[in-house]
Amino acid sequence: MNPNKALWEKGDFTRIAETMRKSGEELITKIGIGKGMKILDLGGGDGTTAIPSARLGAEVTVIDIAGNLVQAGNIRAKEEGLTNCIFQEGDATHLDGVGDALFDSTISIFGAMFAPKPFDVAKEMVRVTKPGGKIIMGNWIPGDPTLVAQILKISSAYTPPPPEGFISPMTWGVEDNVIERFTKAGINKENINFSRESFTFRAAYSPSEFVDVFKKFYGPTMNAFDAAENNGKSKDLQHELERLFIAENKSLSSAHTEITATYLLVTVKR
């Protein structure tokens with residue numbers, strides 16, 4: 001099986017996505033998605049940004065590599081009566097069956113950054129976006145002190161070294177890398193803009209319980225715990241993550257979690 005597909009089907013990312021809904025809605029409002037726009041949401045999971053886009057009247061196609069997330073997204077859209085939002089399986093590195101210049105905007109919030117072959121990903125996003133349209137990415141930033149970058153940093157210390165040739169998804173959080181990938185795909189450097197934005201995870205349970213959700217349902221963290229267990233270090237990993245989540249929690253109640261993470265918002269004019 002495709003290793004990336006196996007990673008995202010291993011757990012159930014919908015359990016994480018449930019804590020991301022409000023920030024997803026806020027982002028879609030901010031970037032100006034509107035009625036009648038044709039949107040591709042690449043690596044869109046079960047619809048954290050796609051469902052709000054469809055509610056605003058956009059025609060949304062979600063392509064994600066994980067079959068379980070595609071199924072969950074289609075269920076969400078059906079339950080809301082959104083006939084203008086469809087989810088299908090596909091690979092961001094090679095969008096089989098997707099024609100050229102189809103979409104007004106191609107969006108990928110913490111999605112396509114995890115696909116291998118980043119230059120292929122950039123090329124495909126440019127290819128399927130209409131001239132005059134936009135590509136919008138949200139990417140976690142390597143070394144950032146906030147939640148997600150630190151989860152991935154801590155987890156990587158407990159996992160075996162990646163295979164030769166592996167390109168970290170966190171490289172999408174470096175502006176020079178983004179510029180290199182999109183200029184090679186034919187975009188002028190002047191048409192690539194960046195800002196640092198915040199995304200808040202909100203859960204009606206404690207930070208320690210939130211760690212358990214990552215442990216049970218988030219593929220990269222699940223793999224880290226598998227490796228740590230084999231080395232007798234699972235308790236160490238658990239404690240490190242709990243310290244992080246508790247320190248980052250901004251909720252006034254210890255029984256609730258509200259953690260804000262910083263990410264790089266990329267806007268590319270096609």
Side-chain angles (χ1 to χ4, degrees), residues 2-5 8 24 27-28 30-34 36-45 48-50 53 58-66 85-142 144 162 164-197 199 262-270:
N2 179 315
N4 199 42
K5 182 177 176 67
W8 296 105
L27 174 59
I28 289 305
K30 179 178 180 177
I31 62 178
I33 302 302
M37 294 179 67
K38 291 193 69 175
I39 306 297
L40 172 64
D41 195 327
L42 193 55
T48 297
T49 46
S53 298
E59 297 288 332
V60 187
T61 300
V62 183
I63 296 179
D64 197 283
I65 200 164
C85 187
I86 60 169
F87 293 73
Q88 58 193 51
E89 285 189 51
D91 189 331
T93 65
H94 191 74
L95 296 170
D96 290 331
V98 181
D100 298 347
L102 287 181
F103 299 98
D104 298 302
S105 287
T106 297
I107 300 170
S108 188
I109 308 301
F110 321 129
M113 68 172 287
F114 288 98
K117 303 179 182 178
F119 284 93
D120 290 355
V121 171
K123 182 179 178 181
E124 284 291 79
M125 287 193 285
V126 171
R127 180 182 69 79
V128 301
T129 306
K130 294 178 182 178
K134 289 183 179 180
I135 298 163
I136 298 166
M137 294 186 78
N139 302 325
W140 301 120
I141 302 165
D144 187 83
E164 186 176 350
F166 173 79
I167 300 173
S168 169
M170 300 299 284
T171 59
W172 272 111
V174 178
E175 293 182 13
D176 286 347
N177 292 336
V178 176
I179 291 169
E180 181 184 15
R181 291 161 187 178
F182 280 112
T183 53
K184 191 166 183 180
I187 300 295
N188 292 327
K189 180 179 177 180
E190 294 74 21
N191 290 340
I192 307 171
N193 293 289
F194 303 96
S195 64
R196 295 201 173 208
E197 306 291 344
F199 206 95
T262 302
Y263 69 96
L264 184 69
L265 183 65
V266 180
T267 305
V268 179
K269 295 180 181 178
R270 172 74 167 86

[X] side chain near [Y] side chain, heavy-atom distance below 4.5 Å:
X: Y263; Y: M113; value: no
X: R196; Y: I141; value: yes
X: I63; Y: E124; value: no
X: R181; Y: K123; value: no

Can you tell me how far [atom2] of [Y] sits from [atom1] of [X], rounded to the nearest 0.5 angstrom?
X: D120; Y: H94; atom1: CG; atom2: NE2; answer: 9.5 Å
X: L95; Y: L40; atom1: CG; atom2: CG; answer: 6.5 Å
X: I39; Y: T106; atom1: CD1; atom2: OG1; answer: 8.0 Å
X: F114; Y: W8; atom1: CZ; atom2: CH2; answer: 4.5 Å
X: I33; Y: I136; atom1: CD1; atom2: CD1; answer: 5.5 Å
X: D41; Y: F103; atom1: CG; atom2: CZ; answer: 10.5 Å

Tell me if a side-chain donor or acceptor on [X] pairs with a main-chain N or O of [Y] at a distance below 3.5 Å.
X: N139; Y: L264; value: no
X: K5; Y: I65; value: yes
X: T48; Y: G24; value: no

If you take all heavy atoms of [X] and [Y], which pair is closest and at what distance?
X: D64; Y: G44; result: OD2-N, 3.4 Å
X: I192; Y: I179; result: CD1-CA, 4.0 Å
X: S53; Y: V60; result: CB-CG2, 3.8 Å
X: V121; Y: A115; result: CG2-CB, 3.8 Å
X: G32; Y: M37; result: O-SD, 3.7 Å
X: I109; Y: G138; result: CD1-N, 3.5 Å

Inset, instruction - Take V266 and W172 through the side chain to side chain contact (heavy atoms under 4.5 Å, CB included) test and state the conclusion after the steps. - result: CA-CA 10 Å; V266 180; W172 272 111; over 6 Å; no
Inset, instruction - Evaluate whether atom CG of D176 has more than 12 neighbouring non-hydrogen atoms of other residues, nucleotides or ligands under 6.0 angstrom away. - result: no
Inset, instruction - Please determine if D104 and K130 form a salt bridge, counting it only when a charged side-chain N lies under 4.0 Å from a carboxylate O. - result: yes
Legend entry - Test log, rule side chain to side chain contact (heavy atoms under 4.5 Å, CB included), inputs I31 and T267: CA-CA 9 Å; I31 62 178; T267 305; over 6 Å; no
Inset, instruction - Any chance you could lay out the side chain to side chain contact (heavy atoms under 4.5 Å, CB included) test for R270 and I187, step after step, and finish with the verdict? - result: CA-CA 7 Å; R270 172 74 167 86; I187 300 295; 4.3 Å; yes
